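We use all heavy atoms of the structure for the numbers below, so side chains are in, but hydrogens, waters and symmetry mates are not. Letters A, B, ... are given to chains in the order of the sequence lines, protein chains preceding strands, and every chain is numbered from 1. Source: prediction; values computed, not measured.
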Amino acid sequence: MLAAQNLSLDRGGVRVVDGVSAALQPGAITAIVGPNGAGKSSLLLGLAGLIDPVEGAVLLQGRALGDIPPRERAQAIGYLPQAPEIAWDVAVENLVALGRLPWRDRGADAVEAALTALALQELRKRPASRLSGGERARVLLARVLAGEPRWILADEPLAALDLAHQLRLIAHFKSCAQAGQGVVVVLHDLALAMNHADRVLVLDQGRLVAKGPAADALAPDMIAQVWGIAARWLGDDGAKALVASEPSPARPPAP
Amino acid sequence: MNRAVLVFAVLLAALVPLSLLAGRVWINPFDVAGSGAANAALILAELRLPRAVLAIIVGAGLGAAGAAMQGYLRNPLADPGLFGIAPMAALGAVASFWLGAAIPPAWAAWSLPLLALTGAGTGMALLALIAGRTSSDAAGGAGGGIALFTLAGLMIASLAGALTALAITLAPNPFALSEIVMWLNGALTDRSWREVMIAAPLVVAGIAVLALAARSLDALTLGEEAARSMGLDPARLLWLLVIGVGLTVGAGVAVAGIIGFVGLVVPHLVRPLTDRLPSSLILPSALAGACLVLAADSIVRVLPLVTELRLGIALSLIGAPFFLWLLVKMRRGRL
């Protein structure tokens, strides 16, 4: 169990996450959504133990993350940053093997399983500079999987991908969740959250304003309140599309 | 053990005997009983061997430090000089020329390296002071910790450089002036076993400290946040870097003066032979740095010039065109 308890985070002296409490479910996909600057990425960093809380705590199996040695924390929580940074022109299999760093072993089986899960076997010798955007995203996710974490925390993993690659990556997240791992993703695209997340956390200006099943947390009322747009959902369950129209008079978007 | 270690170890093993034979006086290895044999033995034991050992030590330190710095800054253009330790060591050495006559004769031979080491140590202490402040930012997730720290190192470098320039313009006498200027352009001329004794333990310790940082540098390949999520302790890594680079570069400057470009160039020679992860570069870069400095020092000895070309100048003459080539290559995308 990974849980935020009255969690408040500051970055650069500014409160970016304010009193968030949420228990995350293993074996499910949780999406964190909200407008730009709502504190989604900061909350994810906090959940990964990479920002120390100003108030409250993040608990992993009942222990505060700050009390867990970094390496032990890293074995339990895998974090995928938004920026797909690869500093050196390293071959795919060596990049994925970096995921074993928290374990200080070669973990050949885990690396092989991660390569297989993301269909990277044929690219294993390819250097990073010759990967496409979609391949790069898969390699970096495979790095996280190679660490066999109980929790996978990913910041906008789908943002740079075309539709087909988005769906393929989501399928990987789903199979992780089915295998019992907890998956937490920050998403910008509300339709992706609506269609694929088991639970959704809605953030607005650092506060948690809604949490629950996607259909409740992303109801048109909530979208109007948080994003300041009039919107409605079309289509069937699992394949819904969001249609947004004129700004809602209730709350004009911030200038 | 990777391929690069083997390649550069073999190269070094081939270079050492060549370097011992080469010089103003060439030594004939087959003339063991001839009239020149006694002289040759003296030249070997007292001049060429310590010089070769020193070239290996200084080069190894610079190579390893360069590989670690490039890994730490995730930048192929990084150089061990960026932390400002070499200019601080040079400033300490320049101070010894200034003190000149004030130093008791018994200490005279030791004053330069010891003051240079004091300078390097002061630089490391300043960096540590700054590190205490910037690494807490990094741990807070504010980012920019590494960039901020490097900027601080550059400021220390330019401060030390300015003070060195000041010392030159205010030199007490023309003799001191020419000694300072000569010394700043690093060289291994007329070095003895004393310098080897000073530098060897420090450089070896420094390389060992950098080797401890190797896996953390690998983690940084994926960026600071990903590295921390894999258990990297940024404060520990920063300390290892400051101590490791401080020892290798500080000791190198203390015995040989400023030798540029080795730390920058060597990791690029090594990288294509490895998997390109920083941890695979540190040991082979130490060996390759040793090869480069040993070869360059042998060449400056052999060149038919009236006065020996300074090693620091020679390496910069090789290094600058290489750097330009590197920039052109980088524009094409792959490094």
Side-chain angles (χ1 to χ4, degrees), chain A residues 9-14 16 41-42 44-52 54 68-91 93-95 97-104 125 127-130 139-140 143-144 146-147 149 151-153 155, chain B residues 2 67 69-78 135-146 148 212-237 267-268 270-272 274-281 329-330 332-335:
Chain A
L9 304 169
D10 282 3
R11 296 190 87 181
V14 178
V16 287
S41 295
S42 301
L44 199 71
L45 282 169
L47 290 170
L50 302 179
I51 312 182
D52 295 329
V54 201
I68 301 176
R71 212 155 66 80
E72 195 184 329
R73 183 206 67 215
Q75 291 171 358
I77 303 177
Y79 170 78
L80 182 64
Q82 184 175 0
E85 180 174 352
I86 302 175
W88 305 107
D89 200 5
V90 178
E93 59 182 353
N94 294 324
L95 285 171
L98 289 178
R100 297 307 297 177
L101 282 173
W103 300 92
R104 295 196 186 148
K125 300 285 180 200
S129 62
R130 285 175 38 220
V139 168
L140 293 174
R143 186 278 294 172
V144 175
W151 293 90
I152 297 169
L153 275 47
D155 194 353
Chain B
N2 61 44
M69 283 298 282
Q70 293 187 1
Y72 184 61
L73 298 178
R74 285 169 284 157
N75 190 327
L77 303 180
S135 69
S136 63
D137 280 358
I146 289 177
L148 206 64
L212 287 179
R215 290 305 270 164
S216 301
L217 295 174
D218 284 354
L220 270 184
T221 300
L222 301 173
E224 266 182 274
E225 278 173 352
R228 289 201 296 124
S229 80
M230 289 191 279
L232 168 89
D233 178 349
R236 172 180 175 271
L237 176 59
H268 293 280
V270 173
R271 213 168 266 127
T274 68
D275 61 14
R276 294 174 181 265
L277 282 171
S279 65
S280 314
L281 294 182
K329 200 176 160 194
M330 257 185 81
R332 295 203 201 114
R334 189 181 148 90
L335 204 71

Could you walk me through whether Arg215(B) and Leu101(A) pass the side-chain contact (heavy atoms from CB on, under 4.5 Å) check? CA-CA 8 Å; Arg215(B) 290 305 270 164; Leu101(A) 282 173; 3.5 Å; yes
May I ask you to name which of Pro149(A), Ala87(A), Ala128(A) has the most heavy-atom pairs under 4.5 Å with chain B? Ala87(A)
Using heavy-atom distances under 4.5 Å, tell me whether Asp275(B) contacts chain A through its side chain, its backbone, both, or neither. both
Which pair of non-hydrogen atoms, one from Tyr79(A) and one from Glu225(B), has the smallest distance, and what is that distance? OH-OE1, 3.6 Å
To the nearest 0.5 Å, how far apart are CD in Glu85(A) and CD in Glu224(B)? 8.5 Å
Residue Leu140(A) versus chain B: region with a heavy atom under 4.5 Å: side chain
Output the distance between atom OG1 (Thr221(B)) and atom CD1 (Ile86(A)), rounded to the nearest 0.5 Å. 9.5 Å
Here the gap from Ser279(B) atom OG to Asn94(A) atom CG, rounded to the nearest 0.5 Å, amounts to 9.5 Å
Is any side-chain heavy atom of Met230(B) less than 4.5 Å from a side-chain heavy atom of Arg143(A)? yes
Between Ser229(B) and Arg73(A), which heavy-atom pair has the shortest distance, and what is it? CA-NH2, 3.8 Å
If you look at every heavy atom in Pro278(B) and Trp88(A), which pair is closest and at what distance? CG-NE1, 3.7 Å
Which atoms of Ile77(A) come close to chain B, meaning under 4.5 Å heavy atom to heavy atom: side chain ones, backbone ones, both, or neither? backbone
Verify, without hydrogens or angle tests, whether Arg228(B) (side chain) and Leu50(A) (backbone) share a donor-acceptor contact under 3.5 angstrom. yes
